[in-house]
Amino acid sequence: MFFLMNKNSAIGIFDSGIGGLTVGHQITKLMPYEQIVYFGDTKHLPYGDKSPNSIVSFSKDISSFLLKQKCKMIVVACNTASAIAFNDVKKICNGKAIAVNVIDPVVDYTCKSKTQAVGIIGTKNTIQSKVYATKINSNQPKIITKSLATPLLVPMIEEGFYKNKISNTILSNYLEREELKGIDHLILGCTHYPLIEDEIKQYYDGNVKIINSAKIVSKYIRKKLTEANLLNDQIINQKQEFHVSDYTESFEQSAQHFFGKRINLKETRLI
Ligand code: DGL
């Protein structure tokens, strides 16, 4: 299969579930003429505690699907898959689409910021991979990195528990831990977390700057598409597609919160 990348083609985005819709939402806000094809691997959610082999295999299957949809770019809108499977996605994309992960743009942003001590929260897999700390320190060895796996946050958000007493308690319990003491910036190292950004900001009361990857990554994508002369600059066909590997009504309802407006999820089985 080979085709020339085209301005009018869609941006393919995938995540283990619906968390990547926070990135999809920012992309459509910033680049309103872009079409997106979203794939949420709800059948295999969560990726946060799966084996690296499984994450690589899921990511390769989804990337092949998105390439078949002739996407000009594939955005790995999941920190866990970005940490573990991005090289494999890049290989599959070779020459057919631009591959983007959600970690490198954030590392770049962090290294250019004024931070002296940055906190990173994410899934067990993302934190255990040490990908943020390693990349930040290879660029800026003086920045102190402090990491904490916060595995309860994904199921909490998926279940719609945010902006309430339970989410506040769980969040404070994580954020007050010793591991995050003394930070001046905090990276939301999971694409689910922008949904609780307000609560996190409230907890820190302006004392810690929150780094929201959805916003940073969409700006990076606009830059990449512009440089490659692939930014869609006219309304051709505003078709947005949302696929999940396992459909449930509750996913469709939560998806609206993640994407900020009503969407139809379609079940697509890859194998
Ligand atoms: N959205 C995924 C991420 O950014 C986390 C969800 C999961 O554990 O699958 O890492």
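Whatever order the structure lists ligands and atoms in, that order sets their numbers, starting from 1. Because only heavy atoms are used, hydrogens play no part in the values below, and waters and symmetry mates are left out as well, while side chains stay in.
For ligand 1, one of its N or O atoms has an N or O atom of Thr80 under 3.5 Å away. By the 3.5 Å distance cut-off applied to N or O atoms, Tyr47 is counted among the residues near ligand 1.
Among all heavy-atom pairs drawn from Val89 and Ala99, the shortest one is CG1-CB, 4.5 Å.
Of the heavy atoms in Asn79, both backbone and side-chain atoms come closer than 4.0 Å to ligand 1. Here Cys78 has heavy atoms under 4.0 Å from ligand 1 in both its backbone and its side chain. At a 4.0 Å heavy-atom cut-off, ligand 1 does not touch Val102 at all. Under 4.0 angstrom from ligand 1, there are no non-hydrogen atoms of Asp49.
Ile13 is connected to Met5 through a chain of hydrophobic side-chain contacts under 4.5 Å among Ile, Leu, Val, Met, Phe, Trp and Tyr, so both are in one cluster.
Ring centroids of Phe242 and Phe259 are separated by less than 6.0 Å, placing the two rings close together.
Few gaps surround NZ on Lys146; more than 12 heavy atoms of other groups in view lie less than 6.0 Å from it. Within 6.0 Å of CD in Glu178 there are 12 or fewer heavy atoms belonging to other residues, nucleotides or ligands.
When each atom of ligand 1 is checked for a heavy atom of Thr123 under 4.0 Å away, the hits are 5 (C), 8 (O), 10 (O). Near Leu45, the atoms of ligand 1 lying under 4.0 angstrom from a non-hydrogen atom of the residue are 9 (O). Residue-ligand proximity, Asp15 to ligand 1, at heavy-atom distances under 4.0 Å covers atoms 1 (N), 2 (C).
In this structure, the protein non-hydrogen atom closest to atom 6 (C) of ligand 1 is Ser16 OG, 3.4 Å. Scanning all protein heavy atoms for the shortest distance to atom 5 (C) of ligand 1 gives Cys190 SG, 3.5 Å. Closest to atom 8 (O) of ligand 1 among all protein heavy atoms lies Gly48 N, 2.9 Å.
The backbone N or O of Ile127 sits nowhere less than 3.5 Å from a side-chain atom of Ser147 that would complete a donor-acceptor pair.
A salt bridge is defined here as a Lys NZ or Arg NE, NH1 or NH2 lying under 4.0 Å from an Asp or Glu carboxylate O, and Lys72 with Glu34 meets this definition.
Tested against Ile187, the residues Ile136, Asn79, Ile121 include a single side chain to side chain contact (heavy atoms under 4.5 Å, CB included) partner, Ile136.
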